[in-house]
Amino acid sequence: MKVEIFVKLNSMDDVKEFNKICCNFISDIDVKPVNTRFLVDGKSILGLFSLNLSKTLSVTINAVTDMEARRFGYEFEKFMIKAE
């Protein structure tokens, strides 16, 4: 099940916390700035730090289970924003 949310990471601490949450998922998590093709793995701290954090980020998970898909939105609620 594919789920997409939009997040904003406002500080380096946010990036670290976001990465830590991503690493707790079995499924792949893709992160990219909205309206771009540049894509990084949410489990890669270096990849996340290479992103332009002033932009809204699209975060997509291809969840292995329905439970993981439901947990996805809950875990990232702190960073979520409405779609642009």
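All heavy atoms count here, side chains included; hydrogens, waters and symmetry mates do not.
Lys43 approaches Phe25 most closely through the heavy-atom pair NZ-O, 2.8 Å. Scanning all heavy atoms of the two residues, the minimum distance from Leu53 to Val15 falls at CD1-CG2, 3.5 Å. Shown here for Pro33 and Thr36, the closest heavy-atom pair between the two residues is O-OG1, 2.7 Å. The shortest non-hydrogen separation linking Lys8 to Lys55 is NZ-N, 3.5 Å. For the residue pair Ala63 and Ser27, the shortest heavy atom distance occurs at CA-OG, 3.4 Å. Across all non-hydrogen atoms, the minimal contact from Ile26 to Glu68 is N-OE2, 2.9 Å.
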message = Checking Leu39 against Val31 for the side chain to side chain contact (heavy atoms under 4.5 Å, CB included) test, could you report, in this order, the C-alpha distance in whole Å, the side-chain angles of both residues, the deciding distance, and whether it holds?
response = CA-CA 6 Å; Leu39 182 75; Val31 182; 6.0 Å; no
request  = Check step by step if side chain to side chain contact (heavy atoms under 4.5 Å, CB included) holds for Val59 and Glu4.
outcome  = CA-CA 6 Å; Val59 183; Glu4 180 180 28; over 6 Å; no
task = Run the numbers on Ser11 and Asp13 for side chain to side chain donor-acceptor pair (under 3.5 Å), then give the verdict.
result = CA-CA 5 Å; Ser11 68; Asp13 288 335; 5.0 Å; no
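Environment of NZ in Lys20: sparse, with no more than 12 heavy atoms of neighbouring residues, nucleotides or ligands closer than 6.0 Å. Annotation: Met80, atom CE; neighbour count of heavy atoms from other residues, nucleotides and ligands within 6.0 Å is above 12.
Distance CG/Asp14 to CG/Leu48: 11.5 Å, rounded to 0.5 Å. Separation of atoms CD1 (Ile5) and CG (Leu57) is listed at 10.0 Å; rounding is to 0.5 Å. For the atom pair Ser54 OG and Leu9 CG, the distance stands at 11.5 Å (nearest 0.5 Å).
Put simply, the side chain of Phe49 reaches to within 4.5 Å of the side chain of Met12, judged on heavy atoms. Considering only heavy atoms from C-beta on, Leu51 comes within 4.5 Å of Val40 through its side chain. The side-chain heavy atoms of Lys2 and Thr60, taken from C-beta on, include a pair separated by under 4.5 Å.
Grouping the Ile, Leu, Val, Met, Phe, Trp and Tyr side chains by contacts below 4.5 angstrom, directly or via other members, places Ile29 apart from Val34.
The aromatic rings of Phe76 and Phe79 are tilted relative to each other, their planes meeting at an angle between 30° and 60°.
Not a single donor-acceptor pair under 3.5 Å links the side chain of Asp30 to the backbone N or O of Ile61.
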